[in-house]
Amino acid sequence: MLNKEFLNLSNLKSINEVFKRLNCLRRWTSITSDSRYNELAKQALNCNIAFMLASYVEEQKYATIKWQRFPKIALYRAFQKSYVNYDTKEHTLKEICAIGNIPESAFEIATMDIITEETNGDFSYFISEGIGTIEMDIYRAATKIATLVELQEHASSINGFDAYRHKFVEIQKSIEQFESIPCVLEFSNMDGKYFQLFSEISQLRNQNRWAVQPYLVNCSVLGHLFDTALFAYLIGLEQFNGDESIASKMFFIGIFHDIAERWTNDIPSPIKNKIKGFRDAIEKYENKVLAENLYGQVSPSIGTVSYTHLTLPTILRV
């Protein structure tokens, strides 16, 4: 259990710095300079897919899921992406390590060292719990599926069929590492209903958060899901005396809380509150579009697994 003293202002500032770096760190830079494709948005999509995949894993009794590990994994990966791996291709790092006879574990050590430098040793130890676990494998599988979603979105921007095919094969091979995990292959089927759902969620990167307000930093609704989820997790730890079960539920509530905006767009709170009954009507409408576009596309088991004791609609409408 995390000591509340770890959640000091200095550590929170360090975590917020990670969010800023992820929001600035662009992906697919060999193809595009489109700022919508940044690591903050990607980490959110990773978490959405990881939750659904873990739900199926538990349903199929493939493994007992320790759900409280996922927020820690998300934090660990966020630090790793923003300070260690950046936008460097995975195969490039492996080839460099092979030339220098550097073990791949060096990246884990470097990540923990940096987390310790930016926060403290206890916090670094706390969020590294997921290394080498089934939950980390599920999260890594989700990252590959999310990358495939982004590849499909970039298909028209890639020069030549051979270039696209090369990248497609590369991602497919990375997914094959996790094919023993239930539903990984089904989730990565580009013609399947799950992949189409992930593609819909990915479109939240096209919507700006706080769109009518002046801002210095662009943040998409998709990226907003990730920082909301982790701040909710940290608030949960602080408010509920380090109870990881409650905090982890708050993390998943955060990662799904604006999914309905894919089909409704954002309706700001001032107007929701201005018109009598409008907020209640919006909630009913959001449930309607989620029922049409999401709930009917996934197994009823998602969200009703032993971890949450909540239905997915409950999670999403909070």
Side-chain angles (χ1 to χ4, degrees), residues 22 27-28 34 36-60 70 73-74 77 81 135 137-157 164 167-168 170-179 181-207 220-226 228-229 251-265 289-303 305 312-313 315-316:
L22 291 175
R27 296 172 49 76
W28 301 92
D34 191 338
R36 295 173 303 161
Y37 289 89
N38 60 56
E39 276 296 336
L40 190 67
K42 176 60 159 53
Q43 296 303 318
L45 188 58
N46 293 347
C47 292
N48 290 135
I49 297 173
F51 173 81
M52 297 187 195
L53 186 56
S55 296
Y56 278 107
V57 166
E58 191 162 86
E59 178 192 39
Q60 297 297 319
F70 283 108
I73 291 169
R77 293 278 295 188
K81 267 294 180 180
E135 291 80 16
D137 285 344
I138 289 170
Y139 194 90
R140 290 177 63 205
T143 70
K144 308 304 182 185
I145 297 169
T147 300
L148 190 60
V149 170
E150 291 187 339
L151 174 67
Q152 184 188 55
E153 293 169 5
H154 284 303
S156 61
S157 303
Y164 174 85
K167 189 63 181 176
F168 174 79
E170 177 188 317
I171 297 171
Q172 285 288 1
K173 285 184 178 179
S174 69
I175 291 173
E176 288 172 4
Q177 302 175 53
F178 306 102
E179 63 182 8
I181 298 175
C183 278
V184 163
L185 295 183
E186 190 171 1
F187 274 28
S188 59
N189 176 7
M190 298 175 76
D191 295 321
K193 64 179 182 180
Y194 301 112
F195 193 88
Q196 298 308 312
L197 174 59
F198 305 147
S199 296
E200 290 285 350
I201 294 173
S202 179
Q203 297 309 303
L204 286 170
R205 73 178 73 247
N206 299 324
Q207 300 179 35
S220 70
V221 173
L222 185 58
H224 164 70
L225 297 179
F226 188 69
T228 297
F251 169 81
F252 284 112
I253 288 171
I255 208 66
F256 279 102
H257 81 283
D258 275 340
I259 293 293
E261 290 186 18
R262 169 63 187 103
W263 298 281
T264 66
N265 282 24
V289 298
L290 288 171
E292 293 171 351
N293 296 285
L294 178 58
Y295 307 148
Q297 305 301 316
V298 298
S299 165
S301 69
I302 290 185
V305 291
L312 188 60
I315 288 177
L316 292 178

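Computation of the quantities below employed the complete heavy-atom set of this structure, encompassing side-chain atoms and omitting hydrogens, waters and symmetry-equivalent molecules.
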Q: Taking H224 for the side chain and V221 for the main chain, is one N or O donor matched with an acceptor at less than 3.5 Å?
A: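 Side chain of H224 to backbone of V221, a donor-acceptor pair under 3.5 Å: no, none is there.
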Q: Set out, in order, the CA-CA distance, both residues' side-chain angles and the distance that settles side chain to side chain contact (heavy atoms under 4.5 Å, CB included) for S220 and N206, then state yes or no.
A: CA-CA 7 Å; S220 70; N206 299 324; over 6 Å; no
Q: Taking atom CD1 of I259 and atom CG of L204, what is their separation to the nearest 0.5 Å?
A: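 These two atoms lie 5.5 Å from each other.
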Q: How far does CD of E150 sit from CG of D34, to the nearest 0.5 angstrom?
A: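 CG of D34 is found 10.5 Å from CD of E150.
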Q: Distance-only, no hydrogens or angles: does the Q60 side chain make a donor-acceptor pair with backbone N or O of S55 under 3.5 Å?
A: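 No; zero donor-acceptor contacts below 3.5 Å.
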Q: Is the backbone of I255 close enough, under 3.5 Å, to the side chain of N48 for a donor and an acceptor to pair up by distance?
A: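 Yes: the side chain of N48 pairs with the backbone of I255.
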Q: Are the side chains of R262 and I201 in contact, using a 4.5 Å heavy-atom criterion?
A: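 Result no, sub-4.5 Å side-chain heavy-atom pair not found.
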Q: Holding to ring-ring contact (aromatic ring centres under 6.0 Å, His included), I want the full list of residues that pass it with F70, two or more places apart in sequence or in another chain.
A: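 Counting only residues at least two positions away or on another chain, F70 forms a ring-ring contact (aromatic ring centres under 6.0 Å, His included) with W67.
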Q: Might you point out which heavy atoms bring L222 and L45 nearest each other, and give the distance in Å?
A: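 Distance-wise, the nearest heavy atoms are CD1-N, 4.3 Å.
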Q: Checking E186 now: which residues fulfil side-chain hydrogen bond (donor to acceptor under 3.5 Å, both in side chains) with it, not counting sequence neighbours?
A: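 Counting only residues at least two positions away or on another chain, E186 forms no side-chain hydrogen bond (donor to acceptor under 3.5 Å, both in side chains).
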Q: Keeping S188 on the side-chain end and L185 on the backbone end, is there a donor-acceptor pair under 3.5 Å?
A: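 A pair under 3.5 Å: yes.
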Q: List the residues meeting salt bridge (Lys or Arg N to Asp or Glu O under 4.0 Å) with R77, not counting sequence neighbours, and say none if there are none.
A: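 With neighbours one apart ignored, the set is empty.
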Q: For L148 and M190, what are the C-alpha separation, side-chain angles and deciding distance, and is it a side chain to side chain contact (heavy atoms under 4.5 Å, CB included)?
A: CA-CA 8 Å; L148 190 60; M190 298 175 76; 3.9 Å; yes
Q: Test: salt bridge (Lys or Arg N to Asp or Glu O under 4.0 Å). Region: residues 39-52. Which pairs qualify, not counting sequence neighbours?
A: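 Non-adjacent pairs meeting salt bridge (Lys or Arg N to Asp or Glu O under 4.0 Å): R27-E39, E39-K81.
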Q: For Y164, give me all partners under ring-ring contact (aromatic ring centres under 6.0 Å, His included), at least two apart in sequence or on another chain.
A: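 Applying ring-ring contact (aromatic ring centres under 6.0 Å, His included) to Y164 gives none.
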Q: Applying the side chain to side chain contact (heavy atoms under 4.5 Å, CB included) criterion to C47, which one of F252, F226, F256 satisfies it?
A: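 Only one of F252, F226, F256 forms a side chain to side chain contact (heavy atoms under 4.5 Å, CB included) with C47, namely F226.
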Q: Kindly give the heavy-atom pair with the smallest separation between A141 and V184, and that separation in Å.
A: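 What the structure gives for the nearest pair is CB-CG2, 4.1 Å.
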Q: Could you tell me which residues satisfy side-chain contact (heavy atoms from CB on, under 4.5 Å) with T264, sequence neighbours excluded, listed by chain and number?
A: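 Testing T264 for side-chain contact (heavy atoms from CB on, under 4.5 Å), a comparison that skips the adjacent residues, returns E261, Y285, E286, V289.
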Q: Could you walk me through whether Q207 and D258 pass the side chain to side chain contact (heavy atoms under 4.5 Å, CB included) check?
A: CA-CA 11 Å; Q207 300 179 35; D258 275 340; over 6 Å; no
Q: Just so I know, are the side chains of N293 and L197 near enough to count as touching, which here means a heavy-atom distance under 4.5 Å?
A: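 When only atoms from C-beta onward are counted, L197 and N293 do not touch, as no gap falls below 4.5 Å.
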Q: Report the residues that fulfil side-chain contact (heavy atoms from CB on, under 4.5 Å) with A142, sequence neighbours left out, ordered by chain and then residue number.
A: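 Per chain and number, A142 pairs via side-chain contact (heavy atoms from CB on, under 4.5 Å) with I49, A50.
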Q: T228 and G254: which non-hydrogen atoms are nearest, and at how many Å?
A: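 That closest heavy-atom pairing would be CG2-CA, 4.2 Å.
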Q: side-chain hydrogen bond (donor to acceptor under 3.5 Å, both in side chains) with S202: which residues, sequence neighbours excluded?
A: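 If we apply the side-chain hydrogen bond (donor to acceptor under 3.5 Å, both in side chains) test to S202, skipping adjacent residues, the hits are E153, R205.
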Q: Go through the structure and list residues passing side-chain hydrogen bond (donor to acceptor under 3.5 Å, both in side chains) with S174, not counting sequence neighbours.
A: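 If we apply the side-chain hydrogen bond (donor to acceptor under 3.5 Å, both in side chains) test to S174, skipping adjacent residues, there are no hits.
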Q: The criterion is side-chain hydrogen bond (donor to acceptor under 3.5 Å, both in side chains); which residues satisfy it with N189, sequence neighbours excluded?
A: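 Applying side-chain hydrogen bond (donor to acceptor under 3.5 Å, both in side chains) to N189 gives none.
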Q: I need the minimum non-hydrogen distance between Q43 and L22, along with the two atoms involved.
A: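 Of all heavy-atom pairs spanning Q43 and L22, the closest is CG-CD1, 4.4 Å.
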Q: Closest heavy-atom contact between L151 and K167?
A: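 Closest approach of L151 to K167: CD1-CG, 3.7 Å.
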Q: Can you name the one residue among Y194, F178, F195 that meets ring-ring contact (aromatic ring centres under 6.0 Å, His included) with F187?
A: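 Result: among Y194, F178, F195, Y194 is the only option passing the ring-ring contact (aromatic ring centres under 6.0 Å, His included) with F187.
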Q: Are W263 and E292 close enough, and set up right, to give a side chain to side chain contact (heavy atoms under 4.5 Å, CB included), and what steps lead you there?
A: CA-CA 10 Å; W263 298 281; E292 293 171 351; over 6 Å; no
Q: Over 60° means perpendicular and under 30° means parallel, so classify the ring planes of W28 and H154, tilted if in between.
A: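 The rings of H154 and W28 sit tilted, inter-plane angle from 30° to 60°.
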Q: Report the residues that fulfil salt bridge (Lys or Arg N to Asp or Glu O under 4.0 Å) with E176, sequence neighbours left out, ordered by chain and then residue number.
A: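 Applying salt bridge (Lys or Arg N to Asp or Glu O under 4.0 Å) to E176 gives none.
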Q: Minimum heavy-atom separation for I181 to V57, with atom names?
A: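 Taking I181 first and V57 second, the nearest heavy atoms are CG2-CG2, 3.5 Å.
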